*Asks:* 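Dropping a structure here in structure tokens format, bear with me for questions.
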Amino acid sequence: MTSQGKQPRGLAVLISGFGSNLQAIIDAIAAGELAARVNCVISDRPEARGLLRARRAGLPSRVVRPSDYGDRAAFDAALARVIDDYGVALIVLAGFMRILGADFISRYEGRIINIHPSLLPKYPGLDTHRRALENADTNHGASVHFVTGELDAGPVIIRESLQIDKHDTEDTLRERVHRLEHRILPRAIDWYLQGRLTVSGGEVLLDGRRQPDQGL
Ligand code: GRF
């Protein structure tokens with residue numbers, strides 16, 4: 001629980017690229033909208049732009065590169081060592097483009113969340129914007145969910161949707177969905193850190209209640 005007088009609880013934010021979701025977390029904390037602290041930013045790619053954002057914000061960052069390890073289990077173990085060094089309450093996958101092994105996930109079960117650019121359970125995996133356009137969907141959006149062993153399939157914490165415009169391209173849709181992501185990720189983190197989320201029967205409850213299904 002975060003409350004006045006207590007230290008905000010720590011996050012590990014895992015990234016692979018641009019890091020605009022990391023930036024949204026940094027900005028929400030700076031604006032006093034999210035009582036959290038980013039204990040470490042971890043990237044699997046040394047060239048990730050998000051690492052510059054971390055540096056600019058004065059946050060500790062580490063690179064854990066898959067090519068430095070013999071297999072996925074060794075990579076996952078190295079990642080876990082870094083996370084444990086920083087002692088975090090929640091692991092946030094914010095554009096982290098690697099699949100984590102079952103051992104890693106079960107070690108942190110209930111303490112890892114991911115942001116995904118679709119209205120899950122629709123379109124797990126890649127190319128979500130292209131798939132939404134190809135299927136002539138009228139709605140699209142973003143979801144934050146708990147990470148389980150199944151790709152992009154864990155219990156959904158929050159979704160937000162937008163209407164696809166007839167002029168939308170993959171690029172405009174990506175941009176518009178990104179803006180939604182930047183709103184819902186800090187909100188989901190805040191709910192988690194305030195102890196407002198529980199999972200019951202594969203469904204996430206907020207303050208013990210089911211949420212209306214935004215956009216579905
Ligand atoms: C986001 O669209 C996120 O949903 C997906 O990867 C993208 C990361 O964007 N998992 P950024 O690096 O946070 O800008």
Side-chain angles (χ1 to χ4, degrees), residues 11-30 33-34 36 38 40-57 59 61-66 79 90-100 104-105 108 112-133 137 139-162 164 168-190 192 204 214-216:
L11 311 174
V13 183
L14 275 56
I15 59 166
S16 295
F18 192 55
S20 67
N21 280 290
L22 165 66
Q23 190 67 53
I25 296 168
I26 293 171
D27 292 347
I29 294 172
E33 290 159 6
L34 174 61
V38 179
C40 64
V41 174
I42 306 173
S43 174
D44 60 328
R45 297 174 60 229
E47 68 277 22
R49 283 268 305 276
L51 288 170
L52 297 176
R53 297 177 189 274
R55 228 160 286 150
R56 232 177 18 226
L59 300 172
S61 62
R62 301 275 289 268
V63 175
V64 184
R65 229 179 356 190
L79 202 56
L90 180 66
I91 300 167
V92 181
L93 307 184
F96 186 67
M97 299 308 283
R98 300 206 74 79
I99 294 177
L100 296 161
F104 182 95
I105 291 168
Y108 299 107
I112 319 179
I113 64 172
N114 180 46
I115 176 96
H116 183 76
S118 80
L119 296 170
L120 289 173
K122 226 172 177 182
Y123 309 136
L126 298 174
D127 298 323
T128 58
H129 312 303
R130 182 172 56 69
R131 287 149 78 195
L133 287 172
D137 289 355
N139 273 13
H140 187 43
S143 313
V144 181
H145 66 95
F146 281 108
V147 173
T148 59
E150 215 182 322
L151 182 69
D152 300 327
V156 172
I157 299 167
I158 185 170
R159 290 184 191 93
E160 196 159 314
S161 76
L162 51 73
I164 297 183
D168 267 320
T169 62
E170 216 178 314
D171 284 345
T172 61
L173 213 45
R174 179 177 300 107
E175 164 79 33
R176 293 180 64 209
V177 168
H178 247 131
R179 271 182 258 143
L180 296 186
E181 293 184 11
H182 302 159
R183 277 211 299 272
I184 64 175
L185 185 57
R187 197 178 308 157
I189 294 169
D190 185 52
Y192 179 91
V204 177
Q214 313 99 319
L216 296 183

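The model shown is predicted, which means the values in this text are computed figures rather than measured ones. Numbering of ligands and ligand atoms starts at 1, following listing order.
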*Asks:* Side-chain donor-acceptor pair under 3.5 Å between H140 and H129, yes or no?
*Replies:*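 Distance-only check passes for H140 and H129.
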*Asks:* Identify, for atom 12 (O) of ligand 1, the protein heavy atom at the shortest distance, and state residue, atom and that distance.
*Replies:*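 Protein heavy atom at minimum distance: G19 N, 2.8 Å.
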*Asks:* Is a side-chain donor or acceptor of R131 paired with a backbone partner of L126 at a separation under 3.5 angstrom?
*Replies:*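 Yes; at least one donor-acceptor contact below 3.5 Å.
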*Asks:* With R130 as the cation and Y123 as the aromatic partner, state whether NZ or CZ is under 6.0 Å from the six-membered ring centre and within 45° of the axis.
*Replies:* no
*Asks:* Which heavy atom of the protein is the closest neighbour of atom 6 (O) of ligand 1, given with residue, atom name and distance?
*Replies:* G95 CA, 3.5 Å
*Asks:* Got an N/O contact under 3.5 Å between L22 and ligand 1?
*Replies:* no
*Asks:* Relative to ligand 1, is R174 under 4.0 angstrom through side chain, backbone, both or neither, heavy atoms considered?
*Replies:*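 The answer is neither; R174 stays 4.0 Å or more away.
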*Asks:* Say whether, by atom type as modelled, one donor and one acceptor occur between the side chain of S43 and the main chain of P46 under 3.5 angstrom.
*Replies:* no
*Asks:* I need the atoms of ligand 1 closer than 4.0 Å to a non-hydrogen atom of H116, numbered in the order shown.
*Replies:* 4 (O)
*Asks:* So which atom in I105 and which in L100 form the shortest heavy-atom distance, rounded to 0.1 Å?
*Replies:*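 Answer, listing the atom of I105 first, then L100: CD1-O, 3.5 Å.
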*Asks:* Evaluating non-hydrogen atoms only, which member of I115, V13, N21 is closest to atom 13 (O) of ligand 1?
*Replies:* N21
*Asks:* Identify the closest protein heavy atom to atom 14 (O) of ligand 1: which residue and atom is it, and at what distance?
*Replies:* S20 OG, 2.5 Å
*Asks:* Report the nearest protein non-hydrogen atom to atom 2 (O) of ligand 1: residue, atom name, distance rounded to 0.1 Å.
*Replies:* E181 OE2, 2.9 Å
*Asks:* Looking at every non-hydrogen atom in both residues, tell me the closest pair between E181 and P117 and how far apart they are.
*Replies:* OE2-CB, 3.4 Å
*Asks:* Should you measure from each heavy atom of H178, which atoms of ligand 1 turn up under 4.0 Å away?
*Replies:* 1 (C), 2 (O), 9 (O), 11 (P), 14 (O)
*Asks:* Which heavy atom of A94 sits nearest a heavy atom of L22, and at what distance?
*Replies:* CB-N, 4.4 Å
